[in-house]
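The structure appears below as structure tokens.
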Amino acid sequence: MDAIADLRATYLDQIARASYPDALEAVRLAALGKKGEISLKMRELGRMTPEERKIAGPALNALKDEIDAALKARRAALEDAALEERLRGEWLDVSLPGRPRPRGTVHPVSQVMEELTAIFADMGFSVAEGPQVETDWHNFDALNIPPEHPARQEHDTFFMHRSEGDNRPPHVLRTHTSPVQIRAMQDQGAPLRVIAPGRVYRMDMDQTHTPMFHQVEGLAVDRDISMANLKWTLEEFCRAFFEVDEVELRFRASHFPFTEPSAEVDIRCSWEGGQLKIGEGDDWMEILGSGMVHPKVLEAGGIDPTRWQGFAFGLGIDRIAMLKYGIPDLRAFFESDLRWLRHYGFSALSVPNLHAGLSG
Ligand code: PHE
């Protein structure tokens with residue numbers, strides 16, 4: 001029986017020392033596998049005398065059971081240990097802040113539209129809208145632009161296609177946001193104070209012009225509105241928008257069919273080293289057209305020009321975005337280059353707000 005005691009000692013020892021599942025499996029095969037030591041011993045029982053078998057049989061069976069139980073217990077212990085190990089390794093601090101995964105950015109034009117909407121809202125202006133495909137009446141006639149005016153030429157304005165024989169008056173891609181003046185007056189009557197930001201279209205393309213660009217129209221109609229109110233409103237807007245105490249504006253006498261008198265307004269800036277800076281330098285950048293609303297335009301909007309008067313302006317949004325954020329080339333605004341968008345874009349979370357700072 002010494003042989004059995006040896007086997008027992010050997011395998012229990014090997015089981016105890018097996019430190020990973022494959023090693024344990026090797027021990028099992030060596031002991032209890034088809035050609036395992038204990039299995040072979042059991043096969044020898046057939047060749048024993050009945051007396052010998054009576055003793056060896058139960059002893060071998062008991063050994064087999066004991067080894068089997070020891071294997072199972074060790075396997076369970078190894079699995080527990082492996083689980084513990086994994087739990088330790090995969091420990092997770094759920095209180096850590098999430099990793100930011102920035103996706104898109106807000107385009108500077110959208111950002112600036114939000115900014116100027118916030119500033120003008122603070123001065124009592126609400127936002128009005130009109131269609132981008134506009135009747136030529138709203139875009140031209142109602143604004144006192146005569147049929148022979150150069151802006152109505154085919155090489156300046158995008159006219160919508162009309163089928164042959166369709167003689168209705170043409171539709172155009174609006175060439176400015178001024179037709180929204182007419183729509184707002186028709187909708188709201190006087191008094192009123194609105195801005196109308198949006199896309200406009202002209203056949204023009206160079207470093208400072210693109211066929212589509214953005215304007216914001218401003219219109220204030222009341223009993224005794226004057227050029228002085230216009231000048232104050234624009235200066236106040238520029239100070240808030242550029243977030244500086246002083247900006248210098250230059251009013252130049254000009255002509256628009258829909259305002260009388262009319263003025264174009266430039267802002268002092270510098271272009272040094274390809275960088276645009278506002279409020280300093282010897283350059284001027286034209287940013288808007290403005291004036292007192294022409295009586296005929298008030299009339300077209302359904303407002304009595306003997307009782308009401310107002311000012312209007314049209315401001316280039318892309319221009320002031322370039323100035324404020326030092327963006328040198330207008331064309332890049334509309335190329336959708338991801339590097340440009342990442343560089344000049346804004347976080348979706350920085351919503352412009354007059355009190356918290358405009359650019360977030
Ligand atoms: N509509 C003019 C333009 O596009 C700007 C303007 C608007 C001028 C309102 C005067 C009054 O150039």
Side-chain angles (χ1 to χ4, degrees), residues 109 113 116 120 125 127-132 134-146 149-153 156-158 172-185 192-204 208-222 225-235 237-238 249-267 284-301 303 305 308-320 330:
V109 169
M113 281 197 191
L116 57 86
F120 280 110
F125 288 76
V127 172
E129 284 180 321
Q132 293 178 40
E134 186 55 286
T135 67
D136 76 336
W137 184 81
H138 284 92
N139 194 81
F140 296 123
D141 302 79
L143 291 163
N144 194 35
I145 301 175
H149 195 277
R152 303 185 77 146
Q153 301 289 304
D156 283 326
T157 300
F158 293 102
V172 298
L173 292 183
R174 67 180 180 194
T175 58
H176 49 182
T177 42
S178 300
V180 188
Q181 285 188 37
I182 305 299
R183 293 181 177 274
M185 287 190 279
L192 93 164
R193 246 183 262 180
V194 292
I195 57 164
R199 295 184 164 186
V200 301
Y201 303 83
R202 283 180 209 173
M203 283 194 211
D204 225 344
T208 50
H209 296 89
T210 47
M212 185 281 298
F213 59 104
H214 300 81
Q215 285 188 334
V216 58
E217 195 77 8
L219 172 67
V221 175
D222 213 321
I225 290 221
S226 72
M227 282 295 267
N229 300 124
L230 169 69
K231 192 159 185 276
W232 180 87
T233 303
L234 293 175
E235 283 173 352
F237 165 74
C238 286
L249 297 184
R250 180 170 79 176
F251 284 69
R252 276 183 291 111
S254 183
H255 173 76
F256 297 103
F258 33 94
T259 46
E260 182 57 40
S262 303
E264 278 176 308
V265 179
D266 307 329
I267 192 163
W284 295 92
M285 191 184 212
E286 185 190 322
I287 55 168
L288 65 91
S290 65
M292 297 302 294
V293 182
H294 195 288
K296 283 191 181 163
V297 174
L298 289 170
E299 242 165 49
I303 289 177
W308 303 94
Q309 59 188 26
F311 68 69
F313 60 85
L315 174 77
I317 293 181
D318 318 271
R319 294 279 177 92
I320 61 170
L330 177 66

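Only heavy atoms go into these numbers, but all of them, side chains included; no hydrogens, no water, no symmetry mates. Quick caveat: nothing in here was measured; it's all calculated off a predicted structure. All ligand and atom numbering here is 1-based and tracks the order in the structure.
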Sidechain N-carboxylate O distance under 4.0 Å for R183, E134: yes

Which of the ligand 1 atoms, numbered from 1, are nearer than 4.0 Å to a heavy atom of Q181: 9 (C)

Location of contacts on E286 toward ligand 1, heavy atoms closer than 4.0 Å: neither

Considering all heavy atoms, the nearest P179-H138 contact: CB-O, 3.3 Å

Closest protein heavy atom to atom 2 (C) of ligand 1, given as residue, atom name and distance to 0.1 Å: F258 CZ, 3.7 Å

I182 and L143, any side-chain heavy atoms less than 4.5 Å apart: yes

Those atoms of ligand 1 less than 4.0 Å from some heavy atom in T259: 10 (C), 11 (C)

H294 near ligand 1 by a heavy-atom separation under 4.0 Å: no

Where ligand 1 meets Q215 - atom numbers and elements under 4.0 angstrom, heavy-atom basis: 3 (C), 4 (O)

E129 atom CD: more than 12 heavy-atom contacts under 6.0 Å: no

Any N or O of E217 closer than 3.5 Å to N or O of ligand 1: no

Heavy-atom side-chain contact between F256 and H294 under 4.5 Å: no

Atoms in ligand 1 with a heavy atom of S178 nearer than 4.0 Å: 1 (N), 7 (C)

CG-CE distance between D156 and M203, expressed to the nearest 0.5 angstrom: 8.0 Å

Proximity winner for atom 10 (C) of ligand 1, if only heavy atoms of G314, G316, S290 are counted: S290

Which of the ligand 1 atoms, numbered from 1, are nearer than 4.0 Å to a heavy atom of G289: 6 (C), 7 (C), 8 (C), 10 (C), 11 (C)

Centroid separation F258 to H176 less than 6.0 Å: yes

Closest protein heavy atom (residue, atom, distance) for atom 4 (O) of ligand 1: R202 NH2, 2.8 Å

Side-chain heavy atoms of F313 within contact of V265, under 4.5 Å: no

